[in-house]
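Sequential numbering from 1 along the given sequence is applied to the chain's residues. For ligands, and for the atoms within them, numbers begin at 1 and follow the listed sequence.
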Amino acid sequence: MTTLISKKVATAIYQQIGLEFFASMQYEAISAWFKQQGLPRLSAHFSQQASEERAHAHRFMKYVVDTGTPLQLPAIAAPKCSFKSAEEAVKVALDHELKVTDSINALFDLAEKEGDRFTQNSLQWFISEQLEEVSSADELLQMVKRAGDGGLLLVEYFLGGGGSPGGGK
Ligand code: FEO
């Protein structure tokens, strides 16, 4: 089978798949932590985010297969499972989204350098998705900060009312 992407690009995509699966596990851990704090809507929000991250990993895996490239998956580090506060939990999510954004931008730069139009084109979807996810995580962080511990039930109310960060997906 013809391979449409270079070894360098393939290696960078394998690492990206690892970041997406890590994000999924990190969000599962944040979701479980919120559930334990008695905040079910924040828990559901992060459970939904975990599913989206798994879908991102699958999207990259499909791309590898579609380009006729052998698939390799990296080891995944353990996520952080306990947090000092809701603010810290959401900050962990935002920081990881920023890291994923940097990684996707670097992947795009590499594809551009390699003259790889297929990968550049496929990454456009992820670039738009990162804008939405960083913006949504940042909005949630601001909300949780403003709410403080006593106001987290208001965040719960907001997330349950169809006006959740990220458009209530
Ligand atoms: Fe798939 Fe939110 O990075």
Side-chain angles (χ1 to χ4, degrees), residues 5 8-35 39-67 69 71-83 85-112 116 118-145 155 158-159 162-169:
I5 58 178
K8 264 190 196 168
V9 169
T11 302
I13 294 176
Y14 302 149
Q15 293 308 311
Q16 187 64 39
I17 294 170
L19 279 181
E20 305 290 350
F21 275 129
F22 175 81
S24 180
M25 285 215 301
Q26 182 61 77
Y27 288 161
E28 293 286 6
I30 294 173
S31 170
W33 185 82
F34 274 121
K35 184 86 179 146
L39 295 164
R41 282 174 176 160
L42 276 156
S43 173
H45 173 77
F46 281 100
S47 174
Q48 171 67 26
Q49 293 304 116
S51 300
E52 286 188 20
E53 295 305 338
R54 208 161 43 249
H56 295 172
H58 290 164
R59 197 177 176 113
F60 273 117
M61 286 168 69
K62 181 179 185 307
Y63 179 68
V64 169
V65 171
D66 285 350
T67 56
T69 311
L71 178 66
Q72 287 177 31
L73 295 174
I76 312 290
K80 187 172 167 60
C81 289
S82 67
F83 308 93
S85 62
E87 182 179 331
E88 189 194 21
V90 178
K91 176 87 167 51
V92 164
L94 173 61
D95 287 347
H96 191 68
E97 286 302 336
L98 291 170
K99 185 175 171 183
V100 168
T101 301
D102 285 349
S103 172
I104 284 179
N105 287 339
L107 186 48
F108 189 92
D109 289 347
L110 175 64
E112 196 169 37
D116 177 346
F118 291 127
T119 300
Q120 287 177 72
N121 185 52
S122 294
L123 286 172
Q124 292 293 351
W125 182 89
F126 285 96
I127 291 169
S128 304
E129 181 74 1
Q130 281 315 116
L131 174 61
E132 190 191 311
E133 295 205 326
V134 168
S135 155
S136 155
D138 191 51
E139 186 178 69
L140 183 59
L141 180 60
Q142 288 183 58
M143 214 186 293
V144 166
K145 270 185 183 170
V155 177
F158 183 78
L159 286 174
S164 71
K169 300 175 294 178

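- Panel note: side chain Q120, backbone D116; a donor-acceptor pair is recorded below 3.5 Å.
- Looking at I13 and I5, their side chains come closer than 4.5 Å, going by heavy atoms from C-beta outward.
- Distance alone, capped at 3.5 Å, is enough to place a donor-acceptor pair between the Q130 side chain and the E97 backbone.
- Protein N/O/S atoms found under 2.8 Å from atom 2 (Fe) of ligand 1, listed by chain and residue number: E53 OE2, E97 OE1, E97 OE2, E133 OE1.
- Taking the six-membered ring where the residue is Trp, F60 and F126 present parallel rings, their angle staying beneath 30° rather than reaching 60°.
- Shortest non-hydrogen contact noted between W33 and C81 is CD1-O, 3.9 Å.
- Taking the six-membered ring for Trp, H96 and F22 have ring centres closer than 6.0 Å.
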